[in-house]
> 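My questions will all concern the structure given below.
Bear in mind the structure is a predicted one, so any value in this text is a computation, not a measurement. All values below come from the heavy atoms of this structure, side chains included, with hydrogens, waters and symmetry mates left out.
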Amino acid sequence: MQITDVRIRMLDNGGKMKAVASITFDEEFVVHDIKIVEGENGLFIAMPSKRVGEEYKDIAHPLNLQTRTKISDAIFAKYNELISE
């Protein structure tokens, strides 16, 4: 499965969430609301989630580290491209 599109919506709210991403796989399946967040150790992605009681549960997420890395790399490449413009 290949990532065929990455779209980033930059946020300018002064908070820890810097942007929201959508990724498309094989020009057939899209995942929205992947958050780009500033953490203590730098930027990270947070997968789409919903509140269940007092917790948040991911509603879409990669099943292995290789896929998570592929998604993160594609999102951060696009994010850094937008930042440098």
> Write down the atom of V6, the atom of I8, and the distance for their closest heavy-atom approach.
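Smallest interatomic distance, heavy atoms only, reads CG1-CD1, 4.1 Å.
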> Run the numbers on M17 and I36 for side-chain contact (heavy atoms from CB on, under 4.5 Å), then give the verdict.
CA-CA 6 Å; M17 189 163 48; I36 300 173; over 6 Å; no
> Relative to each other, are the rings of F25 and F29 parallel, tilted or perpendicular (30° and 60° limits)?
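The rings of F25 and F29 sit tilted, inter-plane angle from 30° to 60°.
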> So does E28 get a backbone contact from the side chain of D26, meaning a donor-acceptor N/O pair under 3.5 Å?
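Not a single qualifying donor-acceptor pair exists.
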> Would you say that more than 12 heavy atoms from the other residues, nucleotides or ligands in this model lie under 6.0 Å from the CG of D12, or not?
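Counting other residues, nucleotides and ligands, CG of D12 stays at 12 neighbours or fewer.
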> Kindly say whether H61 contributes a backbone atom to a donor-acceptor pair with the side chain of D58 at under 3.5 angstrom?
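Checked: no pair found.
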> In this structure, would I23 and V20 fall into the same cluster of hydrophobic residues linked by side-chain contacts under 4.5 Å?
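I23 does not cluster with V20.
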> Closer than 3.5 angstrom, by distance alone: can the side chain of T69 be matched with the main-chain N or O of L65 as a donor-acceptor pair?
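Confirmed, T69 side chain pairs with L65 backbone.
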> Any idea which heavy atoms bring Q2 and K70 closest together, and the distance?
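Reported closest heavy-atom pair: NE2-NZ, 3.9 Å.
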> Are I3 and I75 connected in the hydrophobic side-chain network, where two residues link if heavy atoms are under 4.5 Å apart?
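In one cluster with I3: I75, yes.
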> Using the rule that Ile, Leu, Val, Met, Phe, Trp and Tyr join whenever any side-chain heavy atoms are under 4.5 Å apart, tell me whether M10 and F76 fall into a single cluster.
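Yes, same cluster.
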> Does M1 share a hydrophobic cluster with I45, counting links as ILVMFWY side-chain heavy atoms below 4.5 Å and allowing steps through other members?
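Yes.
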> Looking at H32 and P48, what are the two nearest heavy atoms and their distance?
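Heavy-atom minimum between the residues: O-CG, 3.1 Å.
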> For E38 and F44, which heavy atoms make the closest approach, and how far apart are they?
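Closest heavy-atom pair between E38 and F44: C-CE2, 4.4 Å.
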> Look up atom CG in D33 and atom NZ in K35, then write down how far apart they are to the nearest 0.5 Å.
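The CG atom of D33 sits 5.5 Å away from the NZ atom of K35.
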> With the threshold set at 4.0 Å, does a side-chain nitrogen-carboxylate oxygen contact exist between R7 and D5?
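Result for this pair is yes, salt bridge flagged.
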> Determine whether K18 and L43 satisfy the following criterion, side-chain contact (heavy atoms from CB on, under 4.5 Å), listing intermediate values before the conclusion.
CA-CA 9 Å; K18 302 302 180 186; L43 293 174; 4.1 Å; yes
> Looking at every heavy atom in both E54 and R51, which two are closest together, and how far apart are they?
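Shortest heavy-atom separation between E54 and R51 comes out as OE1-NH2, 3.9 Å.
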> To check you understand the geometry: which heavy-atom pair defines the closest contact between E27 and T24, and what is its length?
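Taking E27 first and T24 second, the nearest heavy atoms are CA-CG2, 3.7 Å.
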